[in-house]
Amino acid sequence: MDRDADYEAVGFRGRIGFGERPAVVVVDVVRAYLDGPLTDADGRFESARASAARIVDAARAAGHPVIFTAVKIAPGGADAGWFAVKVPGLSVFEEGSPYAAFPEAPAPQPGEVVVTKQYASSFFGTSLAATLNAQRVDTVIVLGFSTSGCVRATALDALQHGFRPIVAADACGDRDQATQDQNLFDLDSKYADVLPEQDVVAYLTSGATA
């Protein structure tokens, strides 16, 4: 029995499906992963960035909310607790670092919400859930960096906050391909529907309520 069939046989890998009011949450697509110290040697982050930009363009064209997140921590990691101790590389997100900046695309436009955070989940200690609820969003399309960290944590918390989590696989990046593949499989098995870019764009442009 292959892995998919094995998981399905014991009750994993159900389908959540799309709702009617989507929002795209762009998780930490910043320069640190693209041309900074957290980038990979094989272009995975850049490929994911390009996919993310296309999905964001599709969402905007259809009038759907796009929300960006960014890690911003105090000098020395004073507000990041043990996370800053476990991951010293978070220093690239200290206030004023050029690596904390957004790339040319995707990047927030005037009027779009930018959620700042100190931990992995875009929901933890932030206003994201309230912002989504105020806009009557029921489907959260999660994309960005990195798949095994902040994307995974955000998708899990989207589920736990009562939203339908959809992870755009092509628009997510990680340093290691095996880590990327395993986390996408695990998310799709337990916490979210993991879909290719073309399926996400088709949904966003299909007439879902804006």
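Computed from a predicted structure; not experimentally measured. Below, all heavy atoms of this structure are taken into account, side chains as well, without hydrogens, waters or symmetry copies.
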> Hey, is CD on Q109 packed in by over 12 heavy atoms from elsewhere, all under 6.0 Å?
Replying inline: yes
>> Checking the side chain of T205 only, and the main-chain atoms of V201 only, is there a donor and an acceptor separated by less than 3.5 Å?
In response: yes
> Strictly by modelled atom types, are S148 and D174 linked by a side-chain donor-acceptor pair under 3.5 Å?
Replying inline: yes
> Y99: what forms a ring pair (Phe, Tyr, Trp, His ring centres under 6.0 Å) with it, not counting sequence neighbours?
Replying inline: none
> Does the pair V115 and S122 meet the rule for a side chain to side chain contact (heavy atoms under 4.5 Å, CB included), with working shown?
Replying inline: CA-CA 8 Å; V115 173; S122 302; 5.5 Å; no
>> Tell me whether the rings of F163 and F123 are parallel (<30°), tilted (30 to 60°) or perpendicular (>60°).
In response: parallel
> Is a side-chain donor or acceptor of D40 paired with a backbone partner of G43 at a separation under 3.5 angstrom?
Replying inline: yes
> Between D186 and R152, is the closest basic N to carboxylate O distance under 4.0 Å?
Replying inline: yes
> Within the distance-only criterion (no hydrogens, no angle test), does the side chain of D6 pair as donor or acceptor with the backbone N or O of D2 below 3.5 angstrom?
Replying inline: no
> Distance from T39 atom OG1 to R44 atom CZ, nearest 0.5 Å?
Replying inline: 9.5 Å
> Going from CZ on R31 to CZ on R49, what distance comes out if it is rounded to the nearest 0.5 angstrom?
Replying inline: 8.5 Å
>> Is it the case that the side chains of D28 and T69 hold a donor-acceptor pair, with the cut-off being a distance below 3.5 Å and no angle test?
In response: yes
> Listed by chain and number, what are the salt bridge (Lys or Arg N to Asp or Glu O under 4.0 Å) partners of R15, not counting sequence neighbours?
Replying inline: D188, D193
> Under 3.5 Å, side chain of R13 to main-chain N/O of E8, donor-acceptor pair present?
Replying inline: no
> Any chance CD of Q177 has more than 12 other-residue heavy atoms, nucleotides or ligands included, within less than 6.0 Å?
Replying inline: yes
>> Donor-acceptor pair, distance only, cut-off 3.5 Å: does the side chain of S97 make one with the backbone of V92?
In response: yes
> Would you call the rings of F83 and Y119 parallel, tilted or perpendicular, where under 30° means parallel and over 60° means perpendicular?
Replying inline: parallel
>> Is it true that D170 and S51 share a donor-acceptor pair across their side chains at a distance under 3.5 Å?
In response: no
> What's the verdict on side chain to side chain contact (heavy atoms under 4.5 Å, CB included) for V26 and I55, showing C-alpha distance, side-chain angles and the deciding distance?
Replying inline: CA-CA 10 Å; V26 183; I55 291 173; over 6 Å; no
> How many angstroms lie between CD in E20 and CZ in R164, if you round to the nearest 0.5 Å?
Replying inline: 8.5 Å
> Is the backbone N or O of R21 less than 3.5 Å from a side-chain atom of D138, with the two atoms forming a donor-acceptor pair by type?
Replying inline: yes
> Do we get R3 above F185's six-membered ring, with its NZ or CZ under 6.0 Å from the centre and within 45° of the axis?
Replying inline: yes
>> What's the separation between atom CZ in F45 and atom SG in C172, rounded to the nearest 0.5 Å?
In response: 10.5 Å
> Within the distance-only criterion (no hydrogens, no angle test), does the side chain of S189 pair as donor or acceptor with the backbone N or O of F12 below 3.5 angstrom?
Replying inline: no
> Are E94 and K72 ion-paired here, with the side-chain N under 4.0 Å from a carboxylate O?
Replying inline: no
> Could you state the interatomic distance from CG (L184) to CG (L195), rounded to the nearest 0.5 Å?
Replying inline: 11.0 Å
> Can you name the nearest heavy-atom pair linking A120 to T154, along with the distance?
Replying inline: O-OG1, 3.9 Å
